[in-house]
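Here the structure comes first, spelled out in structure tokens, and everything after it is commentary.
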2 protein chains.
Amino acid sequence: MRTVTVGAAQLGPIQKADGRQVVVARMLALLEEAAAKGCDLVVFPELALTTFFPRWHFEDRADADEWFEREMPNAATQPLFDAARKHGIAISFGFAELTPDGHHFNTSILTDKSGAIVGKYRKIHLPGHVEFDPERTHQHLEKRYFEPGDLGFPVFATEGGIFGMCICNDRRWPETWRVMGLQGVEMVMLGFNTPSVNSQKGEEGIEERMFHHKLSLQAGAYQNATWVVAVAKAGTEDGHHLMGGTAIVDPEGHIVAEAKSEDDELIVHPCDLDATRFGKTTIFNFAAHRRIEHCLITSQTEARPPVK
Amino acid sequence: MRTVTVGAAQLGPIQKADGRQVVVARMLALLEEAAAKGCDLVVFPELALTTFFPRWHFEDRADADEWFEREMPNAATQPLFDAARKHGIAISFGFAELTPDGHHFNTSILTDKSGAIVGKYRKIHLPGHVEFDPERTHQHLEKRYFEPGDLGFPVFATEGGIFGMCICNDRRWPETWRVMGLQGVEMVMLGFNTPSVNSQKGEEGIEERMFHHKLSLQAGAYQNATWVVAVAKAGTEDGHHLMGGTAIVDPEGHIVAEAKSEDDELIVHPCDLDATRFGKTTIFNFAAHRRIEHCLITSQTEARPPVK
């Protein structure tokens, strides 16, 4: 048994007017609760420090820079790192990153139990669009404000296990999971902000969107024999509703813990990393069974119909 | 609307002593039923003509050749092709193929409505093992009797749609679905013989195995916006139980029809191939959203732990 007790720390809505200090205070309260419950690791959502700003169109792209962090830790977030160290809890959270040389990424980081950053991921599968789209019921401008991540899907050997990260829309892409699976990942941490309305198919409905969310997590977990910790920002931000769906999934693909609310809520589960062994050494023993000579997966981006 | 009315023609058990004529007669009865129900296409399982022989260990590998077909059609199967032409129904079924130059494959074919073979697939993800394994509760010797397929995952433009095939264990591998998705597949036909007992984990149980089966189908369908027609050979063959689970899955990942028995059983569903359009042009618009520069998927077969 290599048990990591994980807290999936869902955040309720963050309004546009809320400052980072307000949010960090909420995150600190969840960390206190996690410490009391014996957590080794606490995972917060994508863009945990701000509202989901890609729903807002800024004519001048630079006007969006107020939502980005220029360094991490910074004055607003230092208390999170201090609390991690004080409690001996590793933490992971997402934020908008503006690099010194002017690049914009949708980023998440992982610390060890001393509060030192040991891992960083920058979101690769950015959904949405670049320009204001009058056809949509609401905007989803991630492709406007972020560049695709440039770090691949790295994994990190820390705290006795192998950990990876992905963000929101990444979860719908089996490539995400497989690339980490090929590095032996044992736990994937995944933050998300998912509108409960499909901006291109209003009648889809929240139940269908929750179904697709869970299906993606469960398949990724099973097909790579890994734990998954999926953490939502949920509830209504300035009139725009984000679905919840915070969940912990075991390496056989079963949901073992789920949030009940759309508010700040901590769910905790003891995850035995050795439970990944059976899948990784039998049906998903990649060395024995993968046949990469037949994959088109990296030789073409787009769908191409058959020639004849 | 481009509706293809599909019949998923589950077969009950085939005993080791049953000749091909007996099985073909059962398949013809299902084709008659399909014709009466207006089917355009009927899909039969993997290794539809024989018992699931890879459970039997033949010390001399050549002794297994009796289970293989040296040509297709042949005398035993010609009536299937005649019935396809007579009823104007495209058919697909699996069989063990022995080529003129001595290669062995786990194969499936697709005909058009005139009964002409228009597509062939040879199973790529062979599960199991090569030598007799005394540790297992039963043998699963696919790697002994078959070579990995050498045709990739081709798709076929026929009968107004784009059709692909995969076989049994292929369904658990997201690469299978993605390679066909990259060719614009609109319907994947999938035959399987799945023992209800995991030969390496007896306590797993049939419910868990059915969960993994359905999870794989549903994720493959959703993540590539394709119909899936999954057809079992089911029931007890010479004391060895195969689970059922014949199902038709829509391009959003929902099971829309399921078999109720472990016997010969036809389930029918009208599948609108245009229902694949929404997914293929929005969230799974591959050209807009895939980032192949970050995939390790074809550069390494095996899982490798992180360097540090």
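Numbered from 1 within each chain, the chains take letters A, B, ... in sequence-line order. Note that this is a predicted model, so its numbers are computed, not measured.
Residues B/Pro174 and A/Trp177 are not in side-chain contact: their nearest non-hydrogen atoms beyond the backbone lie 4.5 Å or more apart. Residues A/Glu175 and B/Arg290 form a side-chain contact, since some pair of their non-hydrogen atoms from C-beta on lies under 4.5 Å apart. Between A/Phe211 and B/Glu252 the shortest side-chain heavy-atom distance does not fall below 4.5 Å.
Heavy atoms closer than 4.5 Å to chain B are found in the side chain of A/Phe278, but not in its backbone. With a 4.5 Å cut-off on non-hydrogen atoms, B/Leu215 touches chain A through its backbone and its side chain both. In this structure, the portion of A/Glu208 lying under 4.5 Å from any heavy atom of chain B is its side chain and not its backbone. Residue contact with chain B, scored on non-hydrogen atoms closer than 4.5 Å, involves the side chain of A/Asn198 exclusively.
Interface remark: of the candidates B/Glu293, B/Glu302, B/Gln223, B/Lys280, B/Gln223 forms the most heavy-atom pairs closer than 4.5 Å to chain A. Among B/Ala287, B/Gly181, B/Gly184, the residue making the largest number of heavy-atom pairs under 4.5 Å with chain A is B/Ala287.
Going from atom CZ of B/Arg172 over to atom CZ of A/Phe284 covers 6.5 Å, rounded to the nearest 0.5 Å. Taken from CD1 in A/Ile283 to CD in B/Gln200, the straight-line distance is 9.0 Å, to the nearest 0.5 Å. Atoms NE2 and CD, from B/His212 and A/Gln218 in turn, are 9.5 Å apart once rounded to the nearest 0.5 Å.
Remark: of the listed residues A/Thr176, A/Asp170, A/Ile124, A/Leu126, A/Ile124 is the sole one forming a side chain to side chain contact (heavy atoms under 4.5 Å, CB included) with B/Arg291.
Residues B/Ser216 and A/Tyr222 approach most closely at OG-CE2, 3.6 Å, considering heavy atoms.
The aromatic rings of B/Trp173 and A/His289 lie perpendicular to each other, with more than 60° between the two planes, well past the 30° mark.
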